[in-house]
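Reading through the structure tokens given below for one structure.
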Amino acid sequence: MIVDVVANARSLLGGVLHGHGVAVRITEVEAYGGIHDPASHAYTRTARSEIMYGDPWRLYVYRSYGIHLCANVVTGPTETASAVLIRAGEVVEGIELAQQRRPAVAAVSLARGPGNLARALGLTLDDLGTYLLGADGVRLEMSPGEPEISAGPRVGVSRAADVPWRFWVTGDPTVSSYRRSPRA
DNA sequence: TAGGCGATGACCT
DNA sequence: GGTCATCGCCTAC
């Protein structure tokens, strides 16, 4: 199960996430091992994390620091609450719309960082629970091959801060920079 | 029921 | 590179 979420996180790199009129090629992700991972929201089962215990390939959107939204793919299997946080991507469709949502930002930074990515895609809490392999709304298009991948510790987590479950496309300019939690 | 604290980003130096 | 805004959620009374 832990191995699965890591494999799923890696396989999401290079895939394309379609939002509301904007699509991004995923360049950076983090794996969260659900009930076995102290850094995961699902480590303790609450109303907020309930969605992650359900069926896989659903969208988990949560609010961070009161303002930002972050997007996760629930990867299952059911009851393990494994999920993959989408941290960054490259806008490949609907650049004009993304720039409209994020004025005065360089193209390479449009979807750099989880909060920025969610904003570029136009995600809201209404998208919570969307089935990502469906035909409508927010959807995920898997990539056939795997790009060259680098790994490192996850950004901003205070627990399990040294677990190298952050994966990114090697050398890609849209990948966000590493910042360790001050409490780790 | 109240207090503390983020899976962050923007802005300032 | 460092600091701070900001508020919903979780945990402990």
Side-chain angles (χ1 to χ4, degrees), chain A residues 2 5-6 8-10 12-13 17 19 22 24 26-53 56 58-76 80-91 98-130 132 138 140 150-169 173-184:
Chain A
I2 295 289
V5 72
V6 167
N8 276 322
R10 297 174 63 101
L12 283 176
L13 288 174
L17 186 62
V22 174
V24 301
I26 299 168
T27 59
E28 183 187 359
V29 296
E30 284 176 6
Y32 285 87
I35 52 178
H36 303 288
D37 183 0
S40 171
H41 289 171
Y43 189 61
T44 53
R45 188 167 186 158
T46 66
R48 180 176 61 159
S49 60
E50 187 64 31
I51 176 77
M52 289 195 276
Y53 288 79
R58 303 216 171 237
L59 188 67
Y60 168 47
V61 183
Y62 70 91
R63 190 178 294 282
S64 178
Y65 289 87
I67 1 181
H68 314 288
L69 292 177
C70 298
N72 296 246
V73 177
V74 177
T75 59
T80 63
S82 300
V84 176
L85 169 69
I86 312 297
R87 284 197 57 85
E90 172 195 1
V91 178
Q99 283 173 334
Q100 212 171 305
R101 288 172 178 150
R102 307 211 52 219
V105 168
V108 74
S109 301
L110 279 175
R112 192 171 190 259
N116 291 335
L117 179 135
R119 214 157 86 211
L121 286 174
L123 298 180
T124 69
L125 289 175
D126 287 341
D127 297 310
L128 181 66
T130 303
L132 291 169
V138 183
L140 184 63
S150 301
R154 292 173 290 186
V155 174
V157 297
S158 58
R159 291 181 286 184
D162 297 315
V163 179
W165 280 0
R166 173 173 174 246
F167 305 98
W168 65 92
V169 177
T174 61
V175 174
S176 62
S177 55
Y178 177 65
R179 184 168 46 172
R180 190 179 177 87
S181 167
R183 278 165 299 283

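To find a chain, count down the sequence lines: A is the first, B the second, and so on, and within it residues start at 1.
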Pairs under 3.5 Å (N/O, protein and nucleotides 9-13 of chain B):
unit_1 : atom_1 : unit_2   : atom_2 : d
B:dG9  : OP1    : A:Pro114 : N      : 3.2
B:dG9  : OP1    : A:Gly115 : N      : 2.6
B:dG9  : OP1    : A:Asn116 : N      : 3.1
B:dG9  : O4'    : A:His68  : NE2    : 3.2
B:dG9  : N7     : A:Arg179 : NH2    : 2.8
B:dG9  : O6     : A:Arg179 : NH1    : 3.2
B:dA10 : OP1    : A:Arg102 : NH2    : 2.8
B:dA10 : OP1    : A:Arg119 : NH2    : 3.4

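Remark: the A:Tyr62 side chain and the B:dA7 base include a donor-acceptor N/O pair separated by less than 3.5 Å.
For residues 35-50 of chain A, the set of pairs meeting the salt bridge (charged side-chain N to carboxylate O under 4.0 Å, His left out) definition, not counting sequence neighbours, comprises A:Asp37-A:Arg154, A:Arg45-A:Glu50, A:Arg45-A:Glu79. Among residue pairs with one or both ends in residues 155-165 of chain A, those qualifying as salt bridge (charged side-chain N to carboxylate O under 4.0 Å, His left out) are A:Asp162-A:Arg180; sequence neighbours excluded.
In this structure, the side chain of A:Arg101 engages the main chain of A:Ala120 through a donor-acceptor pair within 3.5 Å. Between the side chain of A:Glu30 and the backbone N or O of A:Val155, at least one donor-acceptor pair lies under 3.5 Å.
A pairwise comparison of heavy atoms in A:Ser176 and A:Arg87 identifies OG-NH2, 3.3 Å as the closest pair. In terms of heavy-atom proximity, A:Glu90 sits nearest to A:Thr174 at CB-CG2, 4.0 Å.
Distance A:Leu125 CG to C:dC7 P: 14 Å, rounded to the nearest Å.
Near DNA chain B, defined here as any heavy-atom distance below 4.0 Å, there are no residues from residues 159-167 of chain A.
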Is there a side-chain contact (heavy atoms from CB on, under 4.5 Å) between A:Tyr62 and A:Leu69? Walk through the geometry before answering. CA-CA 6 Å; A:Tyr62 70 91; A:Leu69 292 177; over 6 Å; no
Could you walk me through whether A:Ser82 and A:Thr75 pass the side-chain hydrogen bond (donor to acceptor under 3.5 Å, both in side chains) check? CA-CA 6 Å; A:Ser82 300; A:Thr75 59; 4.7 Å; no
Evaluate the side-chain contact (heavy atoms from CB on, under 4.5 Å) criterion for residues A:Tyr32 and A:Leu85: first the C-alpha distance (whole Å), next the side-chain angles of each, then the deciding distance (0.1 Å), finally the verdict. CA-CA 7 Å; A:Tyr32 285 87; A:Leu85 169 69; 3.9 Å; yes
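Within a 6.0 Å radius of OH in A:Tyr53, other residues, nucleotides and ligands contribute more than 12 heavy atoms.
Taking a pair as Watson-Crick or G-U wobble with both distances under 3.5 Å, DNA chain B forms stems of 3 or more consecutive pairs at B:1-6 with C:7-12, B:8-12 with C:1-5.
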Let me have a per-nucleotide readout for nucleotides 8-13 of chain C, 5' to 3', with B, S or -, counting only protein heavy atoms under 4.0 Å. SSSS--
